[in-house]
Amino acid sequence: MNMLNKKFLLTIAFIILAVLIPVVIKAPYQLHILILIIIWAIIGTSWNLLGGYAGQVSFGHAAFFGLGAYSAGLLTLHCALSPWWGILLGPLVAALAALPIGMICFRLRGPYFALAMLALGEIFRLVFLNLTDFTNGAKGILIMPAITNKMFYYYTGLGMLALTLLATYLIVNSKIGYYLVSIREDQDAATSLGIPTTLYKNLALLPSAFFTGLAGAFYMNYVAFIDPNIVFNLTNVSVMVILVVMLGGVATTWGPTIGAAIYIFLGEYFRTTLGSANVLIFGILVCLIIMFLPNGIAGELDLLKRLTQRKKASLSGGV
Amino acid sequence: MLLGQTIICGLLLGGMYALIAIGMTLIMGVMKIINLAHGALVMVGMYVTYVCSKNYGIDPYIGMFIAMPVLFLLGCLIQKYMINRLVEVDSILPENQVLLTVGIMLVLTEAARLMFKSDYRSVTTSYSSDTVFLGAMSISVPLLIGFFIAMVFTLLLHLFLTKTDIGKSIRATSQDRDAAVYMGINSSKITMITFGIGAALAAAGGSLLLPLFYLFPDVGHLFTAKSFIITILGGMGSTMGAAVGGLILGLSESLGATYINMGYKDVVGLVIFILVLLFLPGGFRSLVKR
């Protein structure tokens with residue numbers, strides 16, 4: 001069986017598994033965890049498009065997440081529309097905001113780009129916190145969800161994740177994807193080959209912002225409460241998404257999903273067993289992963305395979 | 001008079017921010033990375049001073065001389081056993097070291113939360129609420145003392161960097177690592193010492209701010225943001241640039257808080273930061289050179 005076929009079959013198996021999980025798991029708590037994983041997987045996959053493939057490490061993705069969430073929330077607050085319209089509006093608002101942000105930040109490179117994005121994300125948080133008439137400020141927005149069935153949220157989220165993964169996969173395997181990787185590897189060389197780097201970086205940023213906004217709007221609908229310090233949070237959103245992707249595997253299709261699953265599972269597990277130490281353990285884990293598996297779990301599969309195979313070989317006494 | 005008071009308060013606070021930022025700019029100059037754990041180091045330094053003050057009754061201005069060696073050691077260990085390891089590692093993203101500092105920030109913050117809970121703490125001394133009057137302007141005494149100690153430290157550091165052997169080695173390494181190695185400088189030792197000094201300066205700045213700020217595990221984020229803004233404002237790796245950048249940030253925050261809106265005071269700093277990044281990438285240092 002060749003590699004492509006194997007990958008295809010694995011993907012099909014994964015999809016069937018994901019669709020069938022709620023048949024086995026019916027408890028709301030377990031479903032809640034799965035939904036959280038899906039939300040993080042969407043954010044991680046979108047970040048990965050810009051940060052992993054194009055190499056533009058953004059420390060400000062909370063801006064897009066928050067804009068998506070607030071689009072849904074403000075629709076309900078001001079227009080008395082269902083927040084589900086936010087699922088359509090949120091990604092568009094996030095992508096629209098990404099246009100000027102890209103124009104500003106892509107004038108900068110590497111760490112300077114990262115810092116400019118960080119500053120922009122913080123500016124959004126502070127502005128939404130202080131525009132109390134428009135956004136309710138730190139009081140946040142609370143909505144009464146019309147649907148409380150977790151199964152519904154699970155399948156909606158799963159659909160969105162599938163859409164995000166598919167879009168990312170198509171982009172990465174098209175000409176754009178190759179251009180993006182070349183920009184990551186050596187921007188000057190890419191420019192000298194005639195690749196309009198700023199344009200293609202923007203082409204990576206727009207879908208990235210779009211799907212992060214989608215995750216934000218979905219978050220608003222699911223959790224039903226947001227405030228600027230939750231959705232525009234630097235540590236808990238912008239930085240955490242980077243760590244989630246690092247954990248799973250930078251510039252891999254499934255890495256962010258794996259990272260999100262590990263992040264949420266470990267978080268919940270440590271929360272129940274170790275109490276407040278859960279973030280500490282996660283931080284230590286992240287440090288270890290960056291130090292010893294710098295490309296994440298999915299990115300270092302070959303290395304992991306070699307290590308386990310060597311162990312097996314030595315156990316069986318082979319060479 | 002309001003304007004005068006605003007300017008003086010801003011400058012005094014900025015002097016202390018500058019001390020923290022100088023630590024960051026030193027690290028950035030030598031290692032070429034942005035140390036996003038810097039604020040967390042400030043926070044750890046503040047907690048050391050806090051514990052000294054609360055449990056042993058040591059004045060924060062004396063406690064800082066305990067916090068500084070502790071943080072120097074912590075900085076050296078972090079650099080040697082964590083960040084330095086990544087220099088040779090091959091990875092897709094070049095920002096791996098920066099991401100590791102984020103992980104370190106997370107660990108330090110959460111460790112502090114585990115030990116001290118998320119409670120807001122503060123140190124009150126006999127002179128905490130004292131003020132001196134300059135005409136009609138009232139200036140808080142801790143602010144004044146903090147500013148002068150910060151300026152003394154900045155001056156001492158400047159002398160250290162220009163007059164001593166280690167200081168010259170640090171500057172040589174930050175200018176050109178390879179050339180420094182050819183000249184017989186042990187660059188890995190210098191890098192470690194630089195990180196230690198940076199952490200110690202962070203602790204000093206944190207201790208000076210302790211009588212003025214509330215202390216809680218997440219306070220570090222505030223200082224990380226401020227110090228990278230200052231570092232970019234002043235021009236990367238420049239000590240005097242960072243000192244000037246600190247004063248400018250303190251001043252603009254203070255003016256923004258008085259004349260725009262208290263809630264927007266941090267936005268002012270961030271907007272200046274982005275503008276400088278875009279239109280004056282060398283920082284204010286490049287204006288002087290021109």
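To find a chain, count down the sequence lines: A is the first, B the second, and so on, and within it residues start at 1.
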Side chain from CB out, backbone as N, CA, C, O: work out which of these in [X] comes under 4.5 Å of a heavy atom of chain B, or both, or neither.
X	answer
A/L234	neither
A/L120	both
A/L131	both
A/L115	both
A/L108	side chain

(request) Determine which residues belonging to residues 259-270 of chain A lie within contact range of chain B, meaning some heavy atom pair is under 4.5 Å apart, and list them by number or answer 'none'. (result)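 The residues closer than 4.5 Å to chain B amount to none at all.
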(message) Could you check whether any side-chain N or O of A/S174 sits under 3.5 Å from a backbone N or O of A/I171, counting only pairs where one atom can act as donor and the other as acceptor?
(response)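 Yes, A/S174 side chain to A/I171 backbone: donor-acceptor pair under 3.5 Å.
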(request) Check whether any side-chain N or O of B/T25 sits under 3.5 Å from a backbone N or O of B/T239 as a donor-acceptor pair, and report yes or no. (result)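 It does not hold such a pair.
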(request) Measure the CG-CD1 distance between A/L67 and A/I101 for me, rounded to the nearest 0.5 Å. (result)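 The CD1 atom of A/I101 is 7.0 Å from CG of A/L67, to the nearest 0.5 Å.
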(message) Within this structure, what is the CZ-CZ distance for the pair A/F124 and A/F65, rounded to the nearest 0.5 Å?
(response)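 Between atom CZ of A/F124 and atom CZ of A/F65 there are 15.0 Å.
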(message) How close do A/T135 and A/F128 get, counting heavy atoms only, and between which atoms?
(response)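 A/T135 and A/F128 have their closest heavy atoms at OG1-O, 2.7 Å.
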(request) Check A/F232 against A/A62 and note the closest heavy-atom contact, atom names and distance. (result)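 For A/F232 and A/A62, the tightest heavy-atom pair comes out as CD2-O, 3.5 Å.
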Need one label for [X]: side chain, backbone, both or neither, based on atoms under 4.5 Å from any heavy atom in chain A.
X	answer
B/I229	neither
B/I104	both
B/M105	side chain
B/V267	both
B/F273	side chain
B/L114	side chain
B/I83	neither
B/L278	both

(request) Determine whether A/I289 and A/M246 make a side-chain contact, defined as any pair of heavy atoms from C-beta on separated by less than 4.5 Å. (result)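 Result no, sub-4.5 Å side-chain heavy-atom pair not found.
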(request) For residues B/V102 and A/F59, determine if any side-chain heavy atom of one lies less than 4.5 Å from a side-chain heavy atom of the other. (result)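 Heavy-atom side-chain distance check passes, below 4.5 Å.
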(request) Run the salt-bridge test on A/R125 and B/D266 with the 4.0 Å N-O cut-off and return the result as yes or no. (result)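 No, no charged N to carboxylate O under 4.0 Å.
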(message) Can a side-chain donor-acceptor contact be found between B/T109 and B/H221 if the only test is distance below 3.5 angstrom?
(response)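 Side-chain D/A pair, B/H221 to B/T109: absent.
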(message) Only pairs of heavy atoms separated by less than 4.5 Å count here; which of A/C287, A/G283, A/C105 has the most with chain B?
(response)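 Of the candidates given, the most pairs with chain B belong to A/C287.
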